Undergrad: 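Questions regarding the structure given below will be posed in turn.
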Protein chains: 2
Amino acid sequence: MNDIKQFLRSNALRPTKQRIIIAGYLFDGTNKHVTAESLSTELAKRKHTISLATIYNTLHDFYENGLLKKLTLSADRVYFDTNTGDHHHFYSEKEQFLIDINKKIKVNGLPKTPKNKKINKIEVIVHLDK
Amino acid sequence: MNDIKQFLRSNALRPTKQRIIIAGYLFDGTNKHVTAESLSTELAKRKHTISLATIYNTLHDFYENGLLKKLTLSADRVYFDTNTGDHHHFYSEKEQFLIDINKKIKVNGLPKTPKNKKINKIEVIVHLDK
DNA sequence: TATCAGTTTAGAATGATTCTAAAGTGTTGA
DNA sequence: TCAACACTTTAGAATCATTCTAAACTGATA
């Protein structure tokens with residue numbers, strides 16, 4: 001609890017009730033993939049009612065501060081990942097199936113990066129079916 | 001024109017006025033990346049007014065028939081790619097910058113595919129910055 | 001050419017996300 | 001401890017891409 005407060009403060013985030021609850025859930029040591037909606041549902045199960053607007057705000061605040069990764073897997077919702085390390089994903093759109101690939105992956109054969117640009121990150125998504 | 005009709009027919013798509021116009025634009029020999037909106041704008045420039053609903057329908061019809069690839073690059077719009085071959089992309093969300101990587105890319109070090117699933121496709125997105 | 005299934009369309013509906021602006025709350029300095 | 005203020009939260013409205021509806025239209029077929 002106090003460590004969560006410290007954690008938030010050390011990331012320039014005022015430790016409000018809501019942020020403490022959300023951070024407590026997200027950063028409990030196990031990696032998670034959440035959407036605003038799934039997070040809201042999860043918190044509701046724990047009898048915490050935080051407005052959706054705040055959930056969106058908080059996810060973005062955490063993201064802006066590098067505490068979450070944003071995943072663009074399907075066009076109809078945004079996923080946030082508590083695993084901020086360099087990693088990739090198995091994903092099934094149909095089944096909402098999503099798991100981390102933590103093994104080091106090498107991408108070979110990339111062409112020259114376009115002029116005046118630089119690579120920000122390389123995202124590998126392995127789409128799965130049944 | 002008649003070749004476009006044949007082309008549509010051979011893909012089990014009735015060659016309507018609208019589909020002929022859209023196919024004529026999309027499959028003119030140069031690879032294109034479009035969104036419903038950008039396609040609508042492009043057709044409007046050519047004095048073709050086709051309702052947005054039809055544009056959405058047609059893009060999906062073409063996609064369902066394997067004439068287009070669907071790209072999931074950002075959460076706020078869907079891109080369709082006339083290059084249906086196996087390839088990847090450079091992408092800048094900020095600049096709406098999107099180019100094909102046609103060179104063969106190798107992804108090494110993938111872990112075992114999860115039980116009872118199979119790989120549908122592997123998508124590599126190289127995110128660029130300035 | 002009549003018929004009918006497949007298409008197009010305007011406009012409404014949907015759903016995720018963002019915005020607004022008013023009320024609430026950490027933080028700071030005295 | 002507390003006043004004061006900047007930062008947050010929130011309900012509800014607004015936005016925006018996309019899908020849906022159901023009525024009018026049009027290729028294809030006999």
Side-chain angles (χ1 to χ4, degrees), chain A residues 1-2 4-25 33-44 48-65 67-68 70-80 93 96 98, chain B residues 1-2 4-25 33-44 48-65 67-68 70-80 93 96 98:
Chain A
M1 170 71 186
N2 275 314
I4 294 180
K5 285 194 184 182
Q6 280 320 308
F7 170 73
L8 289 170
R9 281 205 193 86
S10 71
N11 281 284
L13 291 164
R14 190 182 285 191
T16 64
K17 286 194 210 67
Q18 298 77 180
R19 282 174 179 165
I20 290 168
I21 290 168
I22 295 175
Y25 169 71
H33 300 110
V34 302
T35 62
E37 204 57 41
S38 78
L39 178 51
S40 173
T41 303
E42 217 44 58
L43 295 176
H48 290 125
T49 32
I50 297 181
S51 80
L52 251 193
T54 298
I55 288 177
Y56 276 102
N57 289 341
T58 304
L59 286 172
H60 282 122
D61 294 341
F62 287 3
Y63 169 68
E64 294 300 335
N65 283 279
L67 305 179
L68 292 173
K70 200 194 288 190
L71 305 181
T72 314
L73 300 169
S74 87
D76 58 350
R77 69 177 99 282
V78 173
Y79 287 88
F80 288 92
E93 178 153 22
Q96 302 270 98
L98 174 58
Chain B
M1 172 68 188
N2 276 313
I4 294 180
K5 284 195 184 182
Q6 280 321 308
F7 170 72
L8 289 170
R9 267 196 266 271
S10 71
N11 281 284
L13 292 164
R14 191 184 284 191
T16 63
K17 286 195 210 68
Q18 297 80 178
R19 282 176 179 164
I20 291 167
I21 291 168
I22 295 175
Y25 169 71
H33 299 111
V34 302
T35 62
E37 204 57 43
S38 79
L39 178 52
S40 173
T41 303
E42 216 45 57
L43 295 176
H48 290 126
T49 32
I50 297 180
S51 80
L52 251 193
T54 297
I55 288 176
Y56 275 102
N57 289 340
T58 304
L59 286 172
H60 283 121
D61 294 340
F62 288 3
Y63 169 68
E64 295 300 335
N65 284 279
L67 305 179
L68 292 173
K70 200 194 287 189
L71 306 181
T72 315
L73 300 169
S74 86
D76 58 349
R77 69 178 97 283
V78 173
Y79 287 88
F80 289 92
E93 178 153 21
Q96 303 269 97
L98 173 59

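The shown structure was predicted, so the numbers you read here are calculated from the model rather than taken from an experiment. Quick note on labels: first sequence line is chain A, next is B, and so on, each numbered from 1.
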Undergrad: Heavy-atom distance under 4.5 Å between the side chains of A/Leu43 and A/Thr49, does that happen here?
TA: no
Undergrad: Quickly work out the B/Asn57 CG to D/dT18 C1' distance and round it to whole Å.
TA: 11 Å
Undergrad: Looking only at side-chain atoms of A/Ala53, point me to the closest of D/dT9, C/dT9, D/dG12.
TA: D/dG12
Undergrad: Rounded to whole angstroms, how far apart are CD1 on B/Ile22 and P on C/dT9?
TA: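 So the two atoms are 9 Å apart, to the nearest Å.
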Undergrad: Do the non-hydrogen side-chain atoms of B/Val34 and B/Tyr79 ever get within less than 4.5 Å of each other?
TA: no
Undergrad: Specify the separation, in whole Å, of atom NE2 of B/His60 and atom C1' of D/dT18.
TA: 8 Å
Undergrad: Could you run down the sub-3.5 Å N/O contacts of the protein with nucleotides 24-28 of chain C?
TA:
from   : atom 1 : to      : atom 2 : distance (Å)
C/dG26 : OP1    : A/Lys17 : NZ     : 3.3
C/dT27 : OP1    : A/Arg9  : NE     : 3.2
C/dT27 : OP2    : A/Arg9  : NH2    : 3.4

Undergrad: Give a yes or no on whether A/Tyr25 atom OH has more than 12 heavy-atom contacts from other residues, nucleotides or ligands under 6.0 Å away.
TA: yes
Undergrad: What is the distance, to the nearest angstrom, from the CG atom on B/Leu59 to the P atom on C/dT9?
TA: 13 Å
Undergrad: Under a 3.5 Å distance rule, please check whether A/Arg9 uses its side chain to pair with a backbone N or O of A/Pro15 as donor and acceptor.
TA: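 Checked: no pair found.
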Undergrad: Using the salt bridge (charged side-chain N to carboxylate O under 4.0 Å, His left out) criterion, which residues pair with B/Glu42? Sequence neighbours excluded.
TA: B/Lys45, B/Arg46
Undergrad: Output the rounded distance in Å from OH (B/Tyr56) to C1' (C/dG11).
TA: 15 Å
Undergrad: If you compare all heavy atoms of B/Ile4 against all heavy atoms of B/Ala23, which two are closest, and at what distance to 0.1 Å?
TA: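 In this case the closest contact between B/Ile4 and B/Ala23 is CG2-CB, 4.0 Å.
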Undergrad: Can you tell me if the side-chain N/O atoms of B/Thr54 get under 4.0 Å from OP1 or OP2 in C/dT8?
TA: no
Undergrad: Starting from C1' on D/dG27, measure out to CD1 on B/Ile4 and report it in whole angstrom.
TA: 17 Å
Undergrad: Can you check the B/Ile21 CD1 to D/dT26 P distance for me, whole Å?
TA: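 My rounded result for the distance is 13 Å.
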Undergrad: Using whole Å, what does the distance between atom P of nucleotide D/dT8 and atom CG of A/Asn65 come to?
TA: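 In whole Å, D/dT8 P and A/Asn65 CG are 10 Å from each other.
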Undergrad: Check for me whether B/Lys70 meets the cation-pi criterion with B/Phe80, that is, NZ or CZ under 6.0 Å from the six-membered ring centre and within 45 degrees of the ring axis.
TA: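 Verdict for B/Phe80: no cation-pi partner in B/Lys70.
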Undergrad: Assess, by modelled atom type and distance only, whether the side chains of A/Thr41 and A/Ser38 contain a donor and an acceptor separated by less than 3.5 Å.
TA: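 There is no such pair between these side chains.
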Undergrad: Are there over 12 heavy-atom neighbours, none belonging to B/Phe7, within less than 6.0 Å of that residue's CZ?
TA: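 More than 12 heavy atoms, drawn from other residues, nucleotides or ligands, come within 6.0 Å of this atom.
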Undergrad: Kindly state which residues belonging to residues 71-78 of chain A come within less than 4.0 angstrom of DNA chain C, counting heavy atoms of the residue only, listed by number.
TA: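 Close to the strand are A/Asp76, A/Arg77, A/Val78.
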